[in-house]
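Encoded as structure tokens, the structure appears first; notes follow it.
Order of the sequence lines fixes the chain letters, A, B, ..., with proteins taken first and strands second; residue numbering starts at 1 for each chain. Note that these values count all heavy atoms, side chains included, but never hydrogens, waters or copies made by symmetry.
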Amino acid sequence: MKKLSAMSKVYLLFVFAILYAPIFYLIFYSFNSGGNMNNFESFTLEHYAAVFEDSRLIIILLNTVLVALLSGLIATIIGTLGAIGIVSLKDKKMRNTLLSLNNVLIVSPDVVIGASFLILFTMIGVKLGFASVLVSHVAFSVPIVVLMVLPKLFEMNTSLIDAARDLGATKRDVLTRVILPYISPGIFAGFFMALTYSLDDFAVTFFVTGNGFSTLSVEIYSMARAGISLTINAISGLVFAVTVLIVIGYYFINKRSKSVATGGQR
Amino acid sequence: MRELVQATAAIVIVCALLFFTVDRMQSAGSAGSKDTLTVYNWGEYIDPELIDKFEDETGIKVTYETFDSNEAMLTKVQQGGSAYDIAVPSEYTIESMKEDDLLIPIDHGLVPNLKNINADFMDLPFDPGNEYSIPYFWGTVGVVYNPNLIEDHLTFETWEDLWDPSLKRKVFLVDGSREVVGMGLNSIGESLNVKDEDLLREATDHLIELSPNIKAIIGDEITPLMINNEASVALTFSGQAADMMWENEELEFAVPQEGSNLWFDNMVIPKTSQNIEGAHKFINFMLDPENAAQNADYVGYSTPNEAAWELMDEEVINDERFYPSHDQRETLEVYENLGLEWLGKYNEYFLEFKMSLR
């Protein structure tokens, strides 16, 4: 890749500064002893202490992460298999129909999805709570995973599969030793997309929470009526830290699988 | 493939750990009793210590959930997927919940602390005889202003001050048709519950004369703007005003004398309740003078609990901006349920006023 010119570097820096400024501003004030975001008085950790003292908030935070990880995992499995299924369809018309249906789910408004889930769960008598939130998060994540995995599948040369078959690989071998390793970057990307979607979803989650189960986005939204307190800043800071850790983890996994892949070619 | 398997295993292990931790934390809170109570309230609308105290006193485990608007709460209660034992809607929502048969009548015999509520806040038009609802917090609609940013003679004792030419492009209004059209009606000396086209027309025309002074019609965003001295005058709820004044001591709040709105958030027992007896216990607990005082102290809104007033800071109770005198309360009106047809008309006039803004 060509080296960036000085101008482009300045521009890039500028863009990132704008993107990150609000988050850092928020986190900066989470250490403010003044109790508001007007002026910084002195450094304190009391808002973080308040988060950890409030066991309800901690449970909600853990629940949020739990739902995100679990729904991401399930959606990734379903989505990957779905993508493989779509690609292996011989009938072109059928394949395009399925792809369009997948895209419709991505663009349909969250409020509609949330409301329809609420109606569905009420109709079939599912109690609102952990299960209903998990199911709906899986549902809106699957199409995203499919979309992330598909390009990798299209990119894959079909003669790879033919070659494997000629060499005596069973169907299972082809899947686990040829297809899955090849598309694994897409799978990881899909998983992390699903994770972020689940973490920041408010609209769908709002409708399907109940019986004491809640996630952070819903909780923060209802806290805002009595004015934003710095406790919210502190939680946001924590969530940001967790997200950064996840991204770093993703980076290392990605780097390792890349070096394995290129190492294999050489 | 190995990476995929490893990653999956790692996620599953982390999930199991999280699940275990949450489970432990949840059971640590309960006293081993299966008796639970689900409370559905506005965010930041209760002192969390009171929930602990209630759990200790009664052995009932409280599941506490929050909502951010009456409409959101109503949707969840109507769908019935969750067993709410207590909800805290505002007066007009109570009226429509009553009509839709979503509430369970309250047995006054189980709520002896009801005697602590000031008589002015009982037996109001939205729930005669308090058959279905018990007052939780109340407040008014008024004008919050920053005396340093406007001319001295404006104190908003009268609504007419909002029309003062010196306030050009300085006034913020809360985005609600009942609040704004009601303010228009109050400013021409009428009730904010009128069902009369001519009076509504007159009020709207008067409001349109206000449009040069309007800077914006917005919601909760007013709070930070007022706190940071970026806005000088706003029509808003007393509770929101109290928040602003807590952060910015320059601000003042006034309820004009011609009259204004008196609003209520009341405790009700929705039809979804699985623990009606516990719900009564909770209501009675919240009406205890000591608990009500502690809660009002924490939340900052005005409590209707007369016995609690004696336990609270005198400065707060004697602050007529938030605890108006009996005489002034006489001028305040509670919103009546106008019915769909008239509510639609209020919305139309409000829209007409909004479109007149340039």
- [ ] Go through the atoms of A:F206 and report whether side chain, backbone, both or neither lie under 4.5 Å from a heavy atom of chain B.
- [x] both

Task: Top contributor to chain B interface from A:L62, A:I60, A:N63 [non-hydrogen pairs under 4.5 Å] - done: A:L62

Open item on the list: Given heavy-atom pairs under 4.5 angstrom as the criterion, report whether the side chain, backbone, both or neither of A:V67 touches chain B.
Closed with: neither

TODO: Can you establish whether the number of heavy atoms outside A:F202 located under 6.0 Å from its atom CZ is more than 12?
DONE: yes

Open item on the list: Does B:E249, at its CD atom, have more than 12 non-hydrogen atoms belonging to other residues, nucleotides or ligands within less than 6.0 Å?
Closed with: no

Task: Among A:T76, A:L70, A:L69, side-chain contact (heavy atoms from CB on, under 4.5 Å) partner for B:I11 - done: A:L69

- [ ] Assess whether atom NZ of A:K127 is packed by more than 12 heavy atoms of other residues, nucleotides or ligands within 6.0 Å.
- [x] no

Task: Within 6.0 angstrom of B:E57 CD, more than 12 heavy atoms from elsewhere - done: yes

- [ ] State, without any angle test, whether A:S214 and B:E65 hold a side-chain donor-acceptor pair at a distance under 3.5 Å.
- [x] no

Open item on the list: Counting heavy-atom pairs closer than 4.5 Å to chain B, which one of A:T209, A:I58, A:I119 comes out on top?
Closed with: A:T209

Open item on the list: Please determine whether side chain to side chain contact (heavy atoms under 4.5 Å, CB included) holds for the pair B:T75 and A:L118, giving the CA-CA distance in whole Å, both sets of side-chain angles, and the decisive distance to 0.1 Å.
Closed with: CA-CA 10 Å; B:T75 316; A:L118 179 61; 4.3 Å; yes

- [ ] Examine whether an atom of B:A7 lies under 4.5 Å from a heavy atom of chain A, and if so say whether it belongs to the side chain, the backbone or both; otherwise answer neither.
- [x] side chain

Task: Cation-pi check, B:K76 onto A:F207 ring (under 6.0 Å, within 45° of axis) - done: no

- [ ] Output the option from B:T8, B:L18, B:V299 having the highest count of non-hydrogen pairs under 4.5 Å with chain A.
- [x] B:L18

Task: Min side-chain heavy-atom separation A:F188-B:L4 under 4.5 Å - done: yes

Open item on the list: I'd like to know whether CZ of B:F322 has more than 12 heavy-atom contacts from other residues, nucleotides or ligands below 6.0 angstrom.
Closed with: yes

